[in-house]
Amino acid sequence: MYKLELPLTKENIEELKIYDRVLLTGSILVGRDQVHSRLVALLAAGRALPTSIAGQIIYYMAPAGTPPSMVIGSCGPTTSARMDPFTPALMEAGLVASIGKGPRSQAVIDAVKGNKGLYFVAYGGCGALYATKVRAKEMIAFEDLGPEALMRLEVKDFPVIVAIDSRGTSVF
Amino acid sequence: MRKRVGQIGTLFGFLLIVVFSFAPAKTIAYLPLKDKSLHLLAYAVVAFLMQLTTGQRGGVVFLAISTLGALIEVFQPLFGRSFDFFDIVANCVGALLGVSLAIVYQKLKETRVQRGLIERVKTTLMDASIHLEEGLVKQLQWMSSETARKMEEAPTERAAYEASLEVLAMIQENLRLADVNKMAMCQDTGMVVAFVEIGTAVPLSMHAIERAIYQGAEEAIKEGLFRNSVVKEPVFARENTNTNLPPIIYWSPSQAKDLKISLMLKGFGSENCSALAMLNPTASQEGVIEAVAQIVKEAGGKPCPPIVVGVGLGGTSERAALLSKKALLREVGLPHEEANYADLEQKIMDKIQTLKIGPGGFGGPLTALAVAIEYEPTHIAGLPVAVSISCWADRKGSFIWEGPYV
């Protein structure tokens, strides 16, 4: 079990192996289908992104409504495979890791290996649990997407498992 | 029953009016109320009962009774009684009063029934988003203990099995937190799918039931803090409806007496893995097992395993798909009532376990929590096989509405 502060260092990344359980503390970006489509379009057009993704981790998620006295509602991961077409481009542009659930394509495995990054899986369906690990949330861009907007979360002891490590070894 | 009583009452009331209208004046002289008040009261009562029992529009009932009353008045002189225009007026006022009161009563009754039904839909959906059925919780626990046991026999796969156990442990912890914090266990609160079985003694219209389901779903979605996961149209702008509506509703008449509504929250990580295979009619069990296994294998770790699998067999292609959803309504752990289909369910489940997808897709020894089959007659030339996959958060609930209807 690793307890790691974000952003991840090169050493952190190289040290992690598949099946390693990690508790992440720090800042992560949140975005899924539409956000990915838009970010990659901006990259392709050579335009600036709404926020820097260099060294960042992105979590594939869109939350349910926020209960009173909580920071965020149920917020478990969505299926990563839908983001496969976009992940290599984002990793080329500096994204270091993604958090989702389920398998990734070979192109993503290659991108993770080529960019010395990682792919973590979060525990699918465990939205209530993850809600208790979020200390703060901030809207960054694409508010028109409602729950699918680009956000930033401050998380503490956010539990994930390494599914693809920096050597390109995959659990799937 | 109530309707029969009302019909008899209407007829009886009408006969009484006829008798008292045509009886000689002397015999009715003893009646307590003033003549016009009696007219009004009698016609009001009959109109009230007739409006409630005939289901005709208020205007039609009013006209019918007023016309009959006028005719009686016209024929009264033939029986030695007198024609009085103001008797007709009193009759009409009575009829109007009776019909109006009946309509108000019906509206109040409908509102009370509607509210009751809406509440049941709402609480069923909210509860489903937070709690799993007992049988499913037990199956998750079984999967943990069985995986731990198998881990002893497969030392080379320790990492995968440990990850599987971790996933199952997190699921249990998640269920605990969902319960404690009264919040949705998973953020994908899904699309609302309803199966309505209308019994033989249900006086509600489909429109009224549909309104109740919409309203109940809307309230559950708001109060339960569900996520708005529905878009208006699937291809172009895909604009969010911002209500998580509409619900998807299926209707069937049933031989039971009462109304039964079954509800499920269908998340789309798993729904995206659902599929259809049109097999040859000679495919038999082996073909079915293989077809289902292929679909589950293709899904892999994407539908948030461990999974619950609904299989629809027979009908036409879309009917098989519907049956596969109906199969997901089955109580987890309850086999098909026919032995050979129950056996086929078990065979499919055993085959799925050999795929070793496991919780979270980490390669654990167990993947399926349950398999249910629903079948219907089909064409001689085919064997439609539809599979609806549900993630472990197989959220559903149902209730039987016995009234009140008054």
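Chain identifiers are assigned alphabetically (A, B, ...) following the order of the sequence lines, protein sequences preceding nucleic acid strands; residue numbering begins at 1 within each chain.
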**Prompt:** Non-hydrogen atoms of chain A under 4.5 Å away: do they reach the side chain of B/A178, the backbone, both or neither?
**Reply:**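 Both parts, backbone and side chain.
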Contact class of B/F362 relative to chain A, heavy atoms under 4.5 angstrom:
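Both backbone and side chain.
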* Asked: If you count heavy-atom pairs under 4.5 Å between each of A/P77, A/G100, A/A62, A/P159 and chain B, which one has the most?
  ->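 Winner by heavy-atom pair count: A/A62.
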Looking at chain B, which one of A/A163, A/P147, A/G125, A/G102 has the largest number of heavy-atom pairs inside 4.5 Å, strictly under?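 Heavy-atom pairs under 4.5 Å are most numerous for A/G125.
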Please tabulate the donor-acceptor pairs under 3.5 angstrom that span chain B and chain A, backbone and side chains included.
from: B/E166; atom 1: OE1; to: A/R21; atom 2: NH2; distance (Å): 3.3
from: B/N174; atom 1: OD1; to: A/A128; atom 2: N; distance (Å): 3.0
from: B/N174; atom 1: OD1; to: A/L129; atom 2: N; distance (Å): 2.8
from: B/N174; atom 1: ND2; to: A/G125; atom 2: O; distance (Å): 3.2
from: B/A184; atom 1: O; to: A/S74; atom 2: OG; distance (Å): 2.8
from: B/M185; atom 1: O; to: A/G127; atom 2: N; distance (Å): 2.9
from: B/M185; atom 1: O; to: A/A128; atom 2: N; distance (Å): 3.2
from: B/Q187; atom 1: N; to: A/S74; atom 2: OG; distance (Å): 3.2
from: B/Q187; atom 1: OE1; to: A/G76; atom 2: N; distance (Å): 2.6
from: B/Q187; atom 1: NE2; to: A/G76; atom 2: O; distance (Å): 2.9
from: B/Q187; atom 1: NE2; to: A/P77; atom 2: O; distance (Å): 3.3
from: B/L225; atom 1: O; to: A/G65; atom 2: N; distance (Å): 2.8
from: B/R227; atom 1: NH1; to: A/A62; atom 2: O; distance (Å): 2.7
from: B/K302; atom 1: O; to: A/K101; atom 2: NZ; distance (Å): 3.0
from: B/W392; atom 1: NE1; to: A/G124; atom 2: O; distance (Å): 3.0

Under 4.5 Å, counting heavy-atom pairs only, tell me which of B/G301, B/C186, B/A163, B/A184 racks up the most with chain A.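 If we count pairs closer than 4.5 Å to chain A, B/C186 comes out on top.
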Which pair of heavy atoms, one from [X] and one from [Y], lies closest together, and at what distance?
X	Y	answer
A/A131	B/M183	CB-CE, 3.5 Å
A/G124	B/C304	CA-SG, 3.4 Å
A/A64	B/L225	CB-O, 3.4 Å

Problem - Of all pairs that satisfy salt bridge (charged side-chain N to carboxylate O under 4.0 Å, His left out), the ones with a partner from residues 60-72 of chain A, not counting sequence neighbours - result: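 Found none.
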Quiz prompt | Region of A/P63 in contact with chain B, defined by heavy-atom distances below 4.5 Å | solution =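 Backbone only.
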Practice item. Name the region of A/C126, side chain, backbone, both or neither, that has any atom closer than 4.5 Å to a heavy atom of chain B. Key: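 Both parts, heavy atoms under 4.5 Å.
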Next on the checklist: For B/E134, I'd like to know if atom CD has over 12 heavy atoms of other residues, nucleotides or ligands within 6.0 Å.
Outcome noted: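 Incorrect, the count does not exceed 12.
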